[in-house]
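The block underneath contains the structure these notes are about, expressed in structure tokens.
Computed from a predicted model, the values in this text were never measured in an experiment. In what follows, every heavy atom counts, from backbone to side chain, and hydrogens, waters and symmetry copies are set aside. Indexing begins at 1, ligand by ligand and atom by atom, following the structure's order.
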Amino acid sequence: MLNLVLFGPPGAGKGTQADFLIQKFNLKHLSTGELLREQIASRTALGQEAELFMDKGFLVPDALVIEMIRTELQENKHENGYVFDGFPRTVDQAIALDELLTNIGSEVTAMLLLSVEKQELIKRLLNRSKTSGRADDQGPAIIENRIQEYNEKTRPIKDYYTAQNKFHRIAGVGTVADIAQRLIETVNKL
Ligand code: B4P
């Protein structure tokens with residue numbers, strides 16, 4: 001199995017690039033952001049709890065997202081592999097993902113960091129806010145919370161995967177097609 005963790009701050013282009021990777025390598029896309037937004041739209045108990053955190057730009061509690069991924073892996077057992085987009089976002093989530101994949105006789109192949117400067121992230125998210133309808137794109141204060149959450153809780157995962165020799169940094173600026181090409185070249189060398 002080819003299991004890729006697509007990693008980066010909010011607005012780095014994870015969702016955008018995941019589409020290229022799933023097509024090129026025939027993988028299943030698992031985006032915790034998308035799954036959570038589906039739960040919110042369906043007004044489930046999980047969605048209602050998650051919404052309280054997401055709307056303010058804070059991470060949803062680990063237990064909720066880990067359970068969601070556990071269910072997705074159980075329901076999609078016969079895939080070539082996965083692109084994990086926006087998961088893991090804490091070291092505890094990274095440990096849980098290793099356990100979940102070990103249980104199905106697999107492991108994370110690589111973690112791919114899309115590297116983008118803060119000013120560019122803010123520009124992209126404010127631009128998206130004009131059309132996305134997403135509460136967490138609305139206004140610099142919420143976007144600032146999301147970037148701060150990333151720096152405090154998510155960025156340390158880099159060390160977790162570096163220790164396993166699975167960390168790869170990819171420049172996340174330029175055209176969408178150029179960035180996709182960089183990612184594909186990196187994966188082809190794995
Ligand atoms: P996500 O849905 O993952 O939101 P995100 O970090 O903003 O990523 P997204 O995929 O939407 O955006 P992208 O980088 O593609 O999470 C939302 C919230 O859900 C989190 O804040 C958190 O509350 C919660 N959550 C999700 N997963 C969680 C977890 N595991 N644990 C706890 N909580 C969790 O950026 C896209 C923008 O940039 C687009 O507008 C795109 O058009 C633009 N763009 C992309 N590439 C570009 C390029 N090369 N040039 C210019 N613009 C580009």
Only counting residues at least two apart or in another chain, list the ones meeting side-chain hydrogen bond (donor to acceptor under 3.5 Å, both in side chains) with Gln164.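 Gln164: side-chain hydrogen bond (donor to acceptor under 3.5 Å, both in side chains) contacts with Asp98, Lys166.
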Could you pull out all residues at least two apart from Asp136 that satisfy salt bridge (charged side-chain N to carboxylate O under 4.0 Å, His left out)?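 Asp136 satisfies salt bridge (charged side-chain N to carboxylate O under 4.0 Å, His left out) with Arg134, Arg146 once adjacent residues are dropped.
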Would you list the pairs meeting side-chain hydrogen bond (donor to acceptor under 3.5 Å, both in side chains) in which at least one residue belongs to residues 51-62, sequence neighbours left out?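 For residues 51-62: Arg43-Glu51, Asp62-Thr90, Asp62-Gln93.
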Taking Glu185 first and then Lys189, would you say they form a salt bridge - that is, a charged N and a carboxylate O separated by under 4.0 Å?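 Salt bridge between Glu185 and Lys189, a charged N being under 4.0 Å from a carboxylate O: no.
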Do the side chains of Lys123 and Glu120 get close enough for a salt bridge, i.e. N-O under 4.0 angstrom?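 Salt bridge: yes.
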Can you find a heavy atom in the side chain of Lys118 that is under 4.5 Å from one in the side chain of Glu144?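 When only atoms from C-beta onward are counted, Glu144 and Lys118 do touch, with a gap below 4.5 Å.
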Set of residues that line ligand 1, where lining means a heavy atom lies under 4.0 Å from it: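 For ligand 1, the contacting residues are Pro10, Gly11, Ala12, Gly13, Lys14, Gly15, Thr16, Thr32, Gly33, Leu36, Arg37, Met54, Phe58, Leu59, Val60, Val65, Gly86, Phe87, Arg89, Gln93, Arg124, Arg128, Arg134, Asp136, Arg146, Gly174, Val176, Ile179.
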